[in-house]
Amino acid sequence: MKGIGVSAGIAIGRAWVLRSKVRAGAVLPGDGVLPTDRVLPTDRVLPNDARPVEREIDLYRGAVEQAAASLERLMEQAGDAAEILGVQLELLYDPLWESEVIDRIRRRSPAREAVLGATEQVAGMFLEMEDAYMRERAADIRDMGNRLVRVLDGEAPDVSPGKGEWVVVAEELTPGDTIGLGDGVVGFVTQVGGATSHAAIVARLRGLPAVTGVSLGSVADGDSLVIDGETGVVLVNPSPAELEDYLFKQEAFSERRRLLATLKDREAVTLDGVRIELLANIGSAADMDVSLAQGAEGVGLLRTELLFMDRETLPTEEEQFQFYKRVLLRAAGRPVTIRTLDIGGDKPLPYLGLAPEANPFLGYRAIRICLEQPALFLTQLRAILRASIFGKCRIMFPMIGRVEELRQAKAFVALAQADLRAAGQPFDAAVPVGVMIEIPSAALTADVLAQEADFFSIGTNDLTQYVLAVDRMNEQIAGLYDPYHPAVLRLIREVIGQGHRQGIPVGMCGELAGDPQATELLLRMGLREFSMSAGSIPVVKEIILRSKTL
Ligand code: PEP
Ligand code: MG
């Protein structure tokens with residue numbers, strides 16, 4: 001079978017089938033009515049009497065306490081992943097969630113049914129959201145539902161296969177499950193959940209191979225399983241020859257991972273002695289930990305959109321401040337490049353009420369929106385500046401196409417600084433302000449921009465689509481989307497050269513920076529700062545160590 005590999009490595013073991021108490025997956029029942037709104041069979045409806053209702057409410061509250069205690073225990077073992085469980089701990093006591101459950105009990109559902117119903121209702125709401133990140137939060141809700149129902153069924157809140165070498169097979173793995181499963185687990189196969197699901201993140205954190213998108217209804221406990229977390233291949237009861245083949249691949253993979261792990265604290269220096277900076281692209285504070293574990297020396301791109309997308313109103317200055325501060329504190333003095341809001345294009349923000357456009361990628365997006373919405377922009381800039389005293393912060397503007405935009409954006413930074421000065425709030429007055437080079441007009445006027453920017457970061461994802469007139473989201477023309485096209489490469493070389501001639505640092509934060517096939521070429525073009533998803537850092541570092549810049 002073939003699914004999607006979401007955490008690299010080969011796992012070989014016995015199947016351990018995890019059965020969920022709550023319904024996994026994506027669909028509401030065909031009649032569009034949530035099953036919990038249907039009439040329960042009469043033997044499962046509470047008698048029309050206050051006492052049993054109060055008893056069920058007590059049962060529910062007791063289950064919440066037990067579930068919370070188990071989460072706190074897990075958080076102690078979870079290390080880097082504790083934050084994910086913290087989200088659930090908050091959810092358990094969320095007043096909206098609680099009233100979903102209690103209302104159902106008052107409508108005479110037993111506690112167990114009430115939890116099941118509320119889980120489907122609330123998870124269903126998340127599943128209908130447009131944003132992929134929000135859709136995947138449905139898993140957190142189901143995790144909580146599962147935990148509560150297990151307690152109400154008189155079982156332990158956590159499940160674990162115990163000692164052995166187990167490949168966990170599940171319709172869906174909730175983040176709590178993933179963390180709580182224990183040392184006997186060597187890998188995961190699930191039916192639902194994407195690469196950005198918490199389960200996938202935790203799998204990568206723990207270095208456990210994982211494959212998703214595979215339906216394993218026919219697999220029984222104890223079946224022999226092989227999974228390849230890179231290619232997504234899953235073998236059920238493999239032949240001896242297949243098994244041998246994968247044992248060999250597993251050994252080769254472990255060997256390579258051991259080698260790469262030894263490089264973690266090693267500086268990236270080329271054979272001719274040039275020091276290269278390896279930074280991470282992140283979207284959350286949790287990503288920061290993953291990145292440091294991979295040896296990132298800081299953040300070359302903090303995509304702030306996530307904070308704006310996962311909600312229904314704009315985040316306040318205080319919320320943003322807390323978020324940037326958290327990231328800067330975790331970076332512990334390493335540089336953190338905070339990109340200002342880059343919405344529009346492929347990243348809509350429904351609550352801003354932007355009009356639909358015929359060509360959103362060429363339309364009202366990113367810095368163009370910020371420059372026209374001073375309240376929005378100033379709020380973000382003030383939050384970043386206030387956080388700047390907690391680390392080494394840089395501000396970066398996306399989608400700059402002409403020098404006037406850079407000047408205006410910098411004027412907003414000055415305004416935000418004036419606001420803070422007036423309010424007596426401290427900030428780092430020397431925060432560097434840089435520009436993403438991701439529009440051809442910016443690349444071709446890099447010499448002009450470099451005179452007014454403190455640094456450049458080349459965004460090859462957008463630069464490629466604009467130079468080649470190839471929509472980066474359109475699968476039909478994916479074959480034409482080619483960052484190795486000479487037109488793109490010439491522009492990259494030009495931008496690096498112009499930046500350096502003007503004495504400013506030039507980095508790259510588009511996907512090309514993390515593509516090991518591009519590493520040597522980029523070094524020879526003069527690139528000295530690479531920012532990429534954390535997982536690519538060890539591989540790119542290994543290439544740098546055996547490359548030359550000339
Ligand atoms: C880019 O365009 O290269 C980039 C890094 O930004 P994003 O992918 O967020 O548009
Ligand atoms: Mg971009």
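Note that the structure is predicted; figures quoted are calculated from it, not measured.
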#### Entry: Distance-minimising heavy-atom pair for R365 and D342
NH2-OD1, 3.4 Å
### Task
Of all the heavy-atom pairs spanning G510 and T460, show the shortest one and how long it is.
CA-OG1, 3.2 Å
Take a 6.0 Å sphere around [atom1] of [X] and say whether it holds more than 12 heavy atoms from other residues, nucleotides or ligands.
{"X": "D183", "atom1": "CG", "value": "no"}
{"X": "L550", "atom1": "CG", "value": "no"}
{"X": "K548", "atom1": "NZ", "value": "no"}
{"X": "R266", "atom1": "CZ", "value": "no"}
{"X": "Q425", "atom1": "CD", "value": "yes"}
{"X": "Y351", "atom1": "OH", "value": "yes"}

## Note on the structure
Interatomic distance, CD1@I496 vs CD@E529, rounded to 0.5 Å, equals 11.0 Å
## Note on the structure
To the nearest 0.5 Å, atom CE of M309 lies from atom CD1 of I343 at 9.0 Å
### Name of the residue among K264, R257, R256 meeting salt bridge (Lys or Arg N to Asp or Glu O under 4.0 Å) with E542
R256
#### Entry: Between E404 and Q408, a side-chain donor and acceptor under 3.5 Å
no
### Query
Is the shortest heavy-atom distance from the side chain of K410 to the side chain of R407 under 4.5 Å?
no
Are the side chain of [X] and the backbone of [Y] linked by a donor-acceptor contact shorter than 3.5 Å?
{"X": "Q250", "Y": "I10", "answer": "yes"}
{"X": "R528", "Y": "L523", "answer": "yes"}
{"X": "E438", "Y": "M399", "answer": "yes"}
{"X": "Q465", "Y": "D462", "answer": "no"}

### Summary
Per side chain to side chain contact (heavy atoms under 4.5 Å, CB included), V540 is matched among L545, T519, L522 by T519
